[in-house]
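Report on one structure; see the data block that follows.
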Amino acid sequence: MTLEQQLSVLVKSAVKALYTIEVEDSQIQWQKTRPEFEGNITLVVFPFVKLARKAPAQIATEIGEWLTANGEGLVAKFNAVQGFLNLVIDDAFWIRQLQAIDTDANYGQQPDRHQLMMVEYSSPNTNKPLHLGHVRNNLLGYSIARIQEANGWKVVKTNIVNDRGIHICKSMLAWLKYGNGETPESSGKKGDHLIGDYYVRFDKEYKTQIAELMAAGKDEETAKREAPLMLEAQEMLRKWEANDPEVRALWAKMNSWVYAGFDETYQRMGVSFDKIYYESNTYLEGKSEVEKGLASGAFYRREDGSVWADLTKDGLDEKLLLRSDGTSVYMTQDIGTAKLRFQDYPIDKMVYVVGNEQEYHFKVLSILLDRLGFPFGKELVHFSYGMVELPNGKMKSREGTVVDADDLMDKMVEDAKEISKDKVNTLQGITEEEANEIARKVGLGALKYFILKVDPRKNMLFNPAESIDFNGNTGPFIQYTYARIQSVLRKAESQWTLGSLVSLDPKELALIQRLCEYPAIVRNAGENFSPAVICNYAYDLACDFNSFYHDLSILNEPDSNKRALRLLLAKNVAKVIQSALGLLGIEVPERM
RNA sequence: GGUCCGGUAGCUCAGCUGGAUAGAGCAACAGCCUUCUAAGCUGUGGGUCUCGGGUUCGAAUCCCGACCGGAUCACCA
């Protein structure tokens, strides 16, 4: 039972004994005592004022006296300030809490729910490398999966790869025309970057053709439609759909280059998937589901042959599901993918980590899946996150303003290496490999924390001109706290046990209290799908520890009981930091 | 125009299921390394929580209305 729960039982008894009134749990409000007052936890008594018909300060005092007398030794002291009853909890309670935390190897982990959650994230197109927008998506998706695991879900991480369509044909065509057989091996380029270059090349040549056609008197619409490159790309798509062996072989070859490139990026980023779906395998399934819906009357066909869903009853529009030429659209594919997934796994909750620009899409998808008889349709969660913006606005690949994921990670690790030059190299017996490994962890930690600490719903700003900080409220700050603790633990005697009761310093107490919050923080992050909640907590914990570390000596403390307590405290702070950062996908270095 | 989301210090962000004098970091300034790692610690300055109403013991937080910014409303994905 948590402290709040224990105290709530007592408060109910107190109020009943003092005023003969019953109060609901919802009327009992606890908050952390503000630092300017003495106490650990504060009861807000305003909700009782009307019932008890007394002044707030008087009620607070009376309850405080009752709790001190009948609180089974839990409440050591109290003070009442207006309607706030500040309670000082007995040191013995806190020490017991710390010991309980210490013996719990999976502290923070919630009980198994015996339910399966599938989390879809990343979902790249195979025509260009990953950029900063994908980075936010990947980091959020991975962290959400970890957080929900900690909340007792069985989680399956999944990725739907957008591997077919006109955009893929564009880079294929450009490669055929201008590539001279260039490969990742021949060029030394990562496969996804190589393909991305040809995608850009297509766009450049296409624009030239449009300009030529317009110079010859065509209007813009016509020029865009009739440009030879576009016609060729469309022809290639038709061949792809008709299983043309040559086109399929080229497609398979070029996609394999991209996958190799993506794998490298994913691995570096530290994200992974349990099951990957490919749109080329799911879009036909989607078509057949739509046909079924057509047969059951859920959808209707227009004269031109296109298939639509009428969503006007749901307050939305009409939505296209199959084009008049019978080809599928995005929505069709998502229906097919959903069907396959629910064939493959007993999914209790489906979560899509997709940017907020697709909110409408998922609102529609939810309704459509529901109409098609999928029980999970109404329950699907669109984890919608905000855009990453640059100082001059959105990232646009065509204007060359994208921040490339690989470049960014390189830059972060380089910066970390540069910053740590004077520091890490002075560590005893450090090898170059270890120094590089530290720079990798710290650089990526800085990037991940920077992105995850922002409330996912909000758009966030990234300024490439200003490098991401390594000081202050940052990942490295928290990693550093961990490394410091490890250093102390290495130097401590191997055996230390907590002897008889010691009294706690305020800094020690604040730390224990902070550690006690962790399970509730994990639950909160899970309920709100928010890695930011974990970030804020990890930062607060690190701050509390650094303050403790500065004021109180651990190894030089002469009193062996106190020394043991501080070691126990340090050890568990490190444990929780590692756990919390783990939920964010951030690794901890043993030294830095 | 309809719908959804956001607006808090010079900048980047917490706080938002109502609670005490609104918090961090960066940037600026001033201190602290013969003592467990100074990527640290301490202090100073910096606010009309966009604006106006309302709800109540109490509003950055909830409700209504403006204003500003973003997203979306495709036979794109």
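Every chain is numbered from 1, with letters handed out A, B, ... down the list of sequences.
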Notebook entry, point to check: Taking for each residue the nucleotide of RNA chain B bearing the nearest heavy atom, is the 5' side occupied by A:Glu466 or by A:Glu279?
Noted result: A:Glu466

Notebook entry, point to check: Would you say the side chains of A:Thr312 and A:Asp317 form a donor-acceptor pair under 3.5 Å?
Noted result: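 No donor-acceptor contact under 3.5 Å links the two side chains.
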
Notebook entry, point to check: How about A:Asp310 and A:Tyr300: does a side-chain donor come under 3.5 Å of a side-chain acceptor?
Noted result: no

Next item on the list: Return the set of residues passing ring-ring contact (aromatic ring centres under 6.0 Å, His included) with A:Tyr278 (not counting sequence neighbours), or none when no residue passes.
Entry: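 If we apply the ring-ring contact (aromatic ring centres under 6.0 Å, His included) test to A:Tyr278, skipping adjacent residues, the hits are A:Tyr259.
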
Verify the contact: side-chain N or O of [X] to OP1 or OP2 of [N], cut-off strictly under 4.0 Å; return yes or no.
X	N	result
A:Arg484	B:rC36	no
A:Lys458	B:rC5	no
A:Asn471	B:rG40	yes
A:Arg323	B:rA77	yes
A:Lys491	B:rU37	yes
A:Arg34	B:rG23	yes
A:Tyr480	B:rA39	yes

Could you give the distance separating [M] and [N] at their [atom1] atoms, to the nearest angstrom?
N	M	atom1	value
B:rA77	B:rC13	C1'	31 Å
B:rA28	B:rG10	C1'	10 Å
B:rA71	B:rC62	C1'	25 Å
B:rA9	B:rA24	P	15 Å
B:rU17	B:rA60	P	13 Å
B:rC63	B:rC16	C1'	15 Å

Next item on the list: Give, for atom CG of A:Leu7 and atom CG of A:Leu43, the distance between the pair rounded to the nearest 0.5 Å.
Entry: 8.5 Å

Notebook entry, point to check: Counting side-chain heavy atoms from CB outward, which of B:rG19, B:rU37, B:rC26 is closest to A:Arg591?
Noted result: B:rU37

Note to self: Return the pairing partner of B:rG65 with a 3.5 Å limit on both distances, Watson-Crick or G-U wobble; otherwise return none.
What the structure shows: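 Looking at the geometry, B:rG65 pairs with B:rC51.
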
Notebook entry, point to check: Would you call the rings of A:Phe462 and A:Phe450 parallel, tilted or perpendicular, where under 30° means parallel and over 60° means perpendicular?
Noted result: perpendicular

